[in-house]
2 protein chains.
Amino acid sequence: MDLDERKRKILQAIIRNYLETGEPVGSRTISKYTDLNLSSATIRNEMSDLEELGYIIQPHTSAGRIPSDKGYRLYVDQMMLEKEEQLNQATQEVREMQKMLLDREDKVEAVLKQMAKMLAVNTNYATMISAPQVRGNKLKFIQLSRMDARQLLTTIVVEGNVIKNDMIAVDQMLDDETLLKLNILLNTNLNGLPIEEINLAMIANLKQQAGIHAGIIADVMDAVAAVIKDNENVVIYTSGANNIFKYPELADNQRASELITTFEEKQLLNELVQDTLTDESGTGIQVYIGNETPVKTMKDCSVVTATYELEEGMKGTIGIIGPRRMDYDKVISTLKTLKNQLDTIYKKDDGENSGI
Amino acid sequence: MDLDERKRKILQAIIRNYLETGEPVGSRTISKYTDLNLSSATIRNEMSDLEELGYIIQPHTSAGRIPSDKGYRLYVDQMMLEKEEQLNQATQEVREMQKMLLDREDKVEAVLKQMAKMLAVNTNYATMISAPQVRGNKLKFIQLSRMDARQLLTTIVVEGNVIKNDMIAVDQMLDDETLLKLNILLNTNLNGLPIEEINLAMIANLKQQAGIHAGIIADVMDAVAAVIKDNENVVIYTSGANNIFKYPELADNQRASELITTFEEKQLLNELVQDTLTDESGTGIQVYIGNETPVKTMKDCSVVTATYELEEGMKGTIGIIGPRRMDYDKVISTLKTLKNQLDTIYKKDDGENSGI
DNA sequence: ATTAGCACTCCATTGCAATGAGTGCTAATA
DNA sequence: TATTAGCACTCATTGCAATGGAGTGCTAAT
């Protein structure tokens with residue numbers, strides 16, 4: 001028994017209907033719904049087969065059928081193929097966002113936040129968006145400035161224009177000349193260097209050259225180390241978590257509580273981001289159905305993600321989280337177009353807007 | 001008819017019992033619960049009076065009574081007075097936090113985040129905490145550094161050690177001397193100046209002195225303006241939003257959805273923060289019961305807040321959000337001790353850790 | 001002033017029957 | 001041989017009445 005054209009059509013009809021209603025769908029509905037002109041009895045037989053094949057599930061005897069993860073998966077894969085050929089014309093939602101992106105010259109951060117919100121409102125699903133994560137970690141610039149008698153301000157800039165500041169306490173006031181020397185020492189030795197390559201020997205060397213100011217070097221190196229650490233936990237914005245209450249299958253206390261925690265402790269979402277960034281399927285769009293997602297608390301959800309890239313190596317993830325019966329069609333095409341917008345728009349004015 | 005000692009005791013007993021069970025409490029329960037040795041009939045009469053006075057409410061005939069906002073208010077006010085006299089000894093929870101505070105020399109930001117989490121776990125309520133808001137806005141330091149041929153890095157430091165960076169695009173490479181001149185120009189004119197006092201005339205003057213580099217001055221001033229704007233929307237961390245699901249009276253879809261949105265769009269919580277910061281009652285602890293809170297979506301909650309102060313003028317708010325029947329006693333004393341810890345601990349190492 | 005006692009109210013629970021959507025199977029049909 | 005009509009059966013849902021219990025308010029007795 002294999003999945004012939006007719007079975008496929010029936011499966012699709014079941015899924016379509018279930019996406020709309022959220023209720024198990026019965027044979028009679030399909031019999032009328034489709035243009036196959038088959039009686040409900042025939043449909044029943046086919047459904048029985050589809051269930052045996054694992055594409056649909058019967059919640060209990062005498063109920064209709066609902067799609068299984070496997071069923072959804074087939075449906076989505078099929079759709080992705082069709083989409084590929086379609087002209088990728090911007091939907092209404094995307095056009096709105098496009099407008100927003102172009103209007104603003106705000107910081108990337110603000111745009112992303114706004115975008116998450118907009119997506120959430122437009123799709124009625126929860127959304128998340130990770131700020132672009134820098135991979136190349138070359139030091140670009142280090143500077144010490146005197147704030148007052150007892151404090152130095154460190155400014156560290158890493159490739160990708162990630163900037164970090166830190167205050168360093170000093171025992172005694174440094175004169176301008178010493179400060180200049182230290183700045184030159186740091187920059188000539190460290191600029192252009194990937195942070196990973198800074199080793200103990202190098203630090204020892206710097207300290208020696210700094211003489212009595214070795215302590216300051218140590219503090220600066222701590223600050224540099226903090227940059228790496230800081231980069232690891234990516235900033236993630238979420239929006240529309242409340243949307244889960246619109247879908248009864250997610251809205252019971254147990255599940256809702258778990259999901260809300262997941263959105264609040266954005267830490268958990270990080271796994272998702274990492275997963276999308278590594279495992280690239282080519283299109284940049286990924287669909288996780290039910291248990292497929294790397295985040296266990298989302299086992300009753302489906303997640304659609306898009307990976308965007310601003311400048312070389314600055315990658316981030318947009319994710320839409322909804323019930324299994326989400327409107328994959330709309331979500332996928334929205335994300336696809338949005339991703340394209342981000343990929344292209346920001347690449348043009350190279351860097352200009354990318355201070356985080 | 002006034003509120004005599006006995007009525008007061010009965011009211012207290014009703015509230016205590018309701019705090020525990022969350023169910024309307026009847027006369028028989030009180031009769032047995034208290035050491036007043038009164039029959040249920042007597043209690044009934046008293047309860048009837050209390051209801052007439054507005055301290056308790058009967059959800060429907062033949063149900064027990066639950067406290068009204070007015071009832072809670074009396075209870076809380078009374079407790080606050082008693083607390084005042086009590087030796088303010090650290091509870092178990094606070095001791096844990098104290099330890100945490102001392103162990104870490106992380107950034108304030110990280111400590112606050114952690115603290116919110118810890119409070120949420122320990123109290124089983126939702127928590128929020130606002131990062132210290134700076135009031136004095138004096139410019140302390142401005143610096144332009146050359147990143148590369150086409151980009152300048154602006155570093156702006158405001159009193160309270162709030163640091164902000166920005167990239168400025170330039171048409172052509174600036175030589176060291178010009179850069180130095182610009183830096184001196186900016187610092188001599190602006191340092192020590194409250195941001196609000198920078199006016200158009202001053203800017204015009206600066207631009208004139210900068211000559212062909214007037215454009216850069218404009219960009220820097222934009223960055224300074226952004227600092228103010230940035231300061232306005234305070235950073236607020238939340239934790240334990242999921243705790244609302246532990247209280248049936250908050251966990252129905254409608255209410256939960258609203259509350260979750262409130263926590264996610266931290267913007268709304270800002271009103272609360274502003275309210276606490278202005279209206280100081282002296283103790284630094286404030287209790288909003290039900291409709292008393294400035295945030296409408298929290299009308300079915302009670303909110304207890306504490307205002308802490310790090311350095312002079314750096315004030316923030318800690319808030320605990322739970323059901324009306326929250327354990328006011330525990331919450332208030334926890335917050336009180338915590339506030340004291342923050343007020344004192346951080347004042348010692350003046351500034352050292354306050355880079356945001 | 002307090003309390004015992006009683007009638008009354010109202011909610012929540014339970015059991016039961018009716019309903020209806022849906023299935024699986026069988027026998028008839030094209 | 002594939003399709004369909006028909007029928008018996010299952011099971012969740014709904015409505016309804018009965019029941020019990022928690023609690024009140026009132027009155028009369030202490």
Side-chain angles (χ1 to χ4, degrees), chain A residues 1-11 13-18 20-68 71 248-249 252, chain B residues 1-11 13-18 20-68 71 248-249 252:
Chain A
M1 179 176 55
D2 64 336
L3 204 62
D4 58 16
E5 184 60 20
R6 196 169 74 177
K7 283 195 172 54
R8 205 177 286 262
K9 275 196 173 173
I10 292 173
L11 177 59
I14 293 173
I15 296 182
R16 287 253 169 81
N17 193 281
Y18 184 70
E20 276 179 32
T21 65
E23 297 290 315
V25 13
S27 56
R28 222 174 100 78
T29 313
I30 299 300
S31 166
K32 284 188 292 182
Y33 196 174
T34 59
D35 50 356
L36 290 171
N37 280 322
L38 292 173
S39 76
S40 64
T42 313
I43 304 287
R44 276 203 288 285
N45 290 331
E46 294 289 52
M47 282 166 91
S48 179
D49 290 354
L50 282 171
E51 180 162 17
E52 205 175 322
L53 287 167
Y55 291 107
I56 52 180
I57 288 170
Q58 200 171 18
H60 57 83
T61 22
S62 89
R65 307 300 215 291
I66 62 175
S68 69
E249 62 265 51
D252 67 300
Chain B
M1 179 174 56
D2 64 334
L3 204 64
D4 58 15
E5 184 59 23
R6 196 169 74 175
K7 283 195 173 56
R8 205 177 286 265
K9 275 197 172 171
I10 292 174
L11 177 59
I14 293 173
I15 296 183
R16 286 254 170 79
N17 192 281
Y18 184 70
E20 276 179 30
T21 64
E23 297 289 317
V25 12
S27 55
R28 223 174 99 78
T29 314
I30 299 299
S31 165
K32 282 188 293 183
Y33 195 176
T34 60
D35 50 357
L36 290 171
N37 279 325
L38 292 174
S39 77
S40 64
T42 313
I43 303 288
R44 275 201 290 284
N45 290 330
E46 294 289 53
M47 281 167 92
S48 180
D49 290 354
L50 282 171
E51 182 162 16
E52 205 176 322
L53 288 166
Y55 291 107
I56 52 180
I57 288 170
Q58 200 171 18
H60 56 82
T61 24
S62 91
R65 308 300 213 289
I66 62 174
S68 69
E249 63 267 49
D252 68 299

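Here is how names work: the chains are called A, B, and so on, in the same order as the sequence lines, proteins then strands, and each is numbered from 1.
Going from atom NE2 of H60(B) over to atom C1' of dG25(D) covers 16 Å, rounded to whole Å. The CD-P distance, from Q58(B) to dG23(D), rounds to 11 Å in whole Å. Between the OH atom of Y18(A) and the P atom of dA21(C) there is a distance of 19 Å, rounded to whole Å. Rounded to an integer number of Å, the gap from N45(B) CG to dA1(C) P is 11 Å. Rounded to an integer number of Å, the gap from CD1 of I43(B) to P of dG25(D) is 13 Å. When the C1' atom of dG23(D) is taken as reference, atom CG of L50(B) falls 16 Å away, rounded to whole Å. One atom, CD of E52(A), and another, C1' of dT23(C), lie 15 Å apart when rounded to the nearest Å. The CZ-P distance, from R44(B) to dA7(C), rounds to 15 Å in whole Å.
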Run the side chain to side chain contact (heavy atoms under 4.5 Å, CB included) test on K7(A) and D49(A) for me, step by step, so that the C-alpha distance in whole Å, both residues' side-chain angles and the decisive distance to 0.1 Å come before the verdict. CA-CA 9 Å; K7(A) 283 195 172 54; D49(A) 290 354; 3.3 Å; yes

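Each of V25(A) and A41(B) has a nearest nucleotide on DNA chain C; the 5'-most of these lies closest to A41(B).
S48(B) places no side-chain N or O within donor-acceptor distance of the main-chain N or O of R44(B), the cut-off being under 3.5 Å. Between the side chain of S68(B) and the backbone N or O of G54(B), at least one donor-acceptor pair lies under 3.5 Å. T21(B) places a side-chain N or O within 3.5 Å of a backbone atom of N17(B) that can act as its donor or acceptor partner.
Phosphate proximity of dG23(D) to S27(B): absent, as no side-chain N or O sits under 4.0 Å from OP1 or OP2. The side chain of R65(B) contributes no N or O atom lying less than 4.0 Å from OP1 or OP2 of dG23(D). Dashed line: the shortest gap from a side-chain N or O of T42(B) to OP1 or OP2 of dT3(C) is under 4.0 Å. For the OP1/OP2 pair of dT10(D) and a distance below 4.0 Å, the side-chain nitrogens and oxygens of T61(A) include no atom meeting the criterion.
Atom-to-atom distance recorded for D4(A):CG and E46(A):CD is 6.0 Å, nearest 0.5 angstrom.
Here dA29(D) sits opposite dT2(C) as a Watson-Crick or G-U wobble pair (both hydrogen-bonding atom distances under 3.5 Å). dA18(C) is paired with dT13(D) under the criterion used here, namely a Watson-Crick or G-U wobble arrangement in which both key atom distances are under 3.5 Å.
Side-chain proximity of S62(A) to the nucleotides dG23(D), dT3(C), dG22(C) is greatest for dG22(C).
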